[in-house]
Amino acid sequence: MPTSRSADEHGAEKPSVAKRGVAEHGAAAPGTGDGAAGEGPPPRLLKRWELGTARTPEAVGAASGRRCWRVGTSAGPFLLKEYAPAERGRVLFQHEVTGALDAAGLPVLAPLPARSGRTLVTASGHAYALYPWVAGRRRGGLELTFPQCEELGGLLGRLHAEMDRITPPMQQSLLVPTPRAADAAAAVEAMLEAVPADGGGTDFDALTARRLRERRALLAEFAGHQPPEIEVSTVGHLHGAFHAEHLRYAGAGNVTAVLGWDALTTGPVAGEVVRAAARLFACEDERGLDLDRVQAFVRGHRAAFPLDAGQIQAAVHREWWERLCDVAPLRHRYLGEEGAGGRGAAGLVSWWSAQLEHTLEVFAAPYTDAFAEVPDGSPAYG
């Protein structure tokens, strides 16, 4: 059972190494991305592991800002990742967590120990870890059936439950600052000044200005809806980036690997549930979120790691507010700035603002007695 702590709210058998095949942590295709440039790993590095005959590592792009290589061997393919020495403590803790999750039978790739028994090997001023090369394909959340959505929520719940069991208790309160609408509005005003006005620009400039004015109007309309600074919530270690890009599926639709563990963090568990659902089941158009799939996902999580309706609703409120005040996706989409679109489509904010009360109810519905007693009567199973 999860441990309730005070904080700011904010079975299938796994394939063997030889049967696994898309790179860990979502690395790009061979020969692409930043990792394709520059020098490779030290020539004798791979002899630190029991790999049999190894071919020359092939760059597979950058994952989480670091270089990665595909290593073909007589024992099958592997993924080699490079870390800066300063990351050593964080990476070793990540290895401890992922190793325990793998040992518990969850679809998580543990790093492979070298001959020395270490999972992080240092050479030429850098640290390296070796992983299995994972099989499976990406699937968008909207491709999943309702039972698969529930199974995926259950998987996230089992990850939360196992991390709660294997990591030290978190006694401290977490202070997660609440964004200010006034700051976001000021940033929008500054962006509007950069867009040609009075018909002097392109049609895209006109669209950009319209989107910015829409966000400015929403910030003014909902300025009084800021979530409270402090809520009681269950906190713990979180995956940190549970979304479609970090999930791999087998042909039968079951998850073969949860990737992206470089994002391992701490925070309110309900916040990760809501963020994951919002990323997985966003329709990227005027339909907003697929709330039927959201309900199935939350129901699955509830079965494995129960929270309560109040925590879920508080997390929905905060996620909506943070998206409302986050103007980075607008910069990314309309002003061309790179690396600013991590929350997904900015257009979801308008839909979510209009549907705020409804989403508060729908996300929490799996925690109501009626829903729990009659799951087949829920919209997600109708």
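Residue Lys81 comes nearest to Tyr131 through the heavy atom pair CD-CE1, 3.9 Å, listed as atom of the first residue, atom of the second, then distance. The shortest non-hydrogen separation linking Ala278 to Leu289 is O-CD2, 3.7 Å. For the pair Ala184 and Cys325, the tightest heavy-atom approach, listed with the atom from each and the gap, is CB-O, 3.4 Å. The two residues Pro132 and Ala110 have their closest heavy-atom pair at CD-O, 3.6 Å. The two residues Pro228 and Thr178 make their nearest non-hydrogen contact at O-OG1, 4.3 Å. The two residues Ala244 and Leu280 have their closest heavy-atom pair at N-CD2, 3.7 Å.
Using a 4.5 Å heavy-atom cutoff, the side chains of Val349 and Ser353 are in contact. Residues His126 and Tyr128 meet the side-chain proximity criterion, which asks for heavy atoms closer than 4.5 Å. Within the 4.5 Å cutoff, side-chain heavy atoms of Leu324 are placed close to those of Leu218. With contacts defined as side-chain heavy-atom distances shorter than 4.5 Å, the pair Trp351/Leu356 does not qualify. A 4.5 Å side-chain heavy-atom check between Tyr83 and Asp262 finds at least one atom pair inside the cut-off. By the 4.5 Å heavy-atom criterion applied to side chains, Cys283 and Leu142 are counted as neighbours. Within the 4.5 Å cutoff, no side-chain heavy atoms of Leu109 are placed close to those of Thr98. Residues Trp69 and Leu79 have side chains not in contact (no heavy-atom distance under 4.5 Å, counting atoms from C-beta outward).
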Report task. Apply side chain to side chain contact (heavy atoms under 4.5 Å, CB included) to the pair Leu291 and His358, showing each step before the final yes or no. Result -> CA-CA 10 Å; Leu291 294 177; His358 184 49; 3.6 Å; yes
Query raised in the report: Can you list the steps and then say if Leu51 with Leu130 is a side chain to side chain contact (heavy atoms under 4.5 Å, CB included)?
Result: CA-CA 10 Å; Leu51 297 180; Leu130 191 71; 3.6 Å; yes
Requested in this report: Run the numbers on Leu92 and Thr119 for side chain to side chain contact (heavy atoms under 4.5 Å, CB included), then give the verdict.
Outcome: CA-CA 8 Å; Leu92 287 176; Thr119 56; 4.2 Å; yes
Query raised in the report: Does the side chain to side chain contact (heavy atoms under 4.5 Å, CB included) test come out yes or no for Leu159 and Leu106, once each step is laid out?
Result: CA-CA 8 Å; Leu159 290 171; Leu106 290 161; 3.8 Å; yes
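At least one donor-acceptor pair under 3.5 Å links the side chain of Thr256 to the backbone N or O of Ala135. Between the Ser74 side chain and the Thr53 main chain, a donor and an acceptor come within less than 3.5 Å of each other. Using a distance-only test at 3.5 Å, with no hydrogens or angles considered, a donor-acceptor pair links the side chain of Gln313 to the main chain of Leu360. Under a 3.5 Å cut-off, the side chain of Trp352 and the backbone N or O of Gly288 do not form any donor-acceptor pair. A donor-acceptor pair under 3.5 Å is formed between the side chain of His239 and the backbone N or O of Leu259. The backbone N or O of Gly240 sits less than 3.5 Å from a side-chain atom of Glu272, completing a donor-acceptor pair. A donor-acceptor pair under 3.5 Å is formed between the side chain of Ser116 and the backbone N or O of Arg118. Counting only distance, with no hydrogens or angles, the side chain of Trp133 and the backbone of Gly76 share no donor-acceptor pair below 3.5 Å. Put simply, the side chain of Arg318 never gets that close to the backbone of Gly271: no donor and acceptor are under 3.5 Å apart. Listed for the Arg48 side chain is a donor-acceptor partner under 3.5 Å among the backbone atoms of Thr122.
Of the inter-residue distances, the one linking Thr73 atom OG1 with Trp49 atom CH2 reads 12.5 Å to the nearest 0.5 angstrom. Atom OG1 in Thr208 sits 9.5 Å away from atom CG in Leu192 (nearest 0.5 Å). In this structure, Leu212 CG and Glu193 CD are separated by 11.5 Å, a value rounded to the nearest 0.5 Å. Between the CG atom in Leu152 and the CG atom in Leu155 there is a gap of 6.0 Å [rounded to 0.5 Å]. The distance from atom NE2 of His160 to atom CG of Leu238, rounded to the nearest 0.5 Å, is 5.0 Å. Going from atom CG of Leu307 over to atom OG of Ser233 covers 7.0 Å, rounded to the nearest 0.5 Å.
For the residue pair His237 / Thr266, no side-chain donor-acceptor distance below 3.5 Å is found, with atom types taken as modelled. At a cut-off of 3.5 Å, with distance as the only test, no side-chain donor of Gln295 or Asp292 sits close to an acceptor on the other residue.
The aromatic rings of Trp320 and His225 sit perpendicular, their planes meeting at an angle over 60°, well past the 30° parallel limit.
Judged as a side-chain hydrogen bond (donor to acceptor under 3.5 Å, both in side chains), and not counting sequence neighbours, the contacts of Glu50 are Arg115. Under the side-chain hydrogen bond (donor to acceptor under 3.5 Å, both in side chains) criterion, Thr145 pairs with Gln148, sequence neighbours left out. Listed by chain and residue number, nothing satisfies the salt bridge (charged side-chain N to carboxylate O under 4.0 Å, His left out) test with Glu361 (two or more places apart in sequence, or in another chain). Partners of Asp203 by side-chain hydrogen bond (donor to acceptor under 3.5 Å, both in side chains), not counting sequence neighbours: none found.
A salt bridge links Glu319 with Arg323: the closest approach of a Lys/Arg side-chain nitrogen to an acidic carboxylate oxygen falls below 4.0 angstrom. Using a cut-off of 4.0 Å between Lys/Arg side-chain N and Asp/Glu carboxylate O, Arg70 and Glu58 are scored as not salt-bridged.
No cation-pi contact links Arg158 to Phe305, judged by a cut-off of 6.0 Å to the six-membered ring centre and 45° from its axis. Geometrically, Arg139 engages Tyr249 in a cation-pi contact defined by less than 6.0 Å to the ring centre and at most 45° from the axis.
Applying the side chain to side chain donor-acceptor pair (under 3.5 Å) rule to pairs touching residues 212-221 yields Glu189-Arg216, Arg211-Glu214, sequence neighbours excluded. Counting only residues at least two apart or on different chains, the ring-ring contact (aromatic ring centres under 6.0 Å, His included) pairs with a member in residues 267-295 are Phe281-Phe297.
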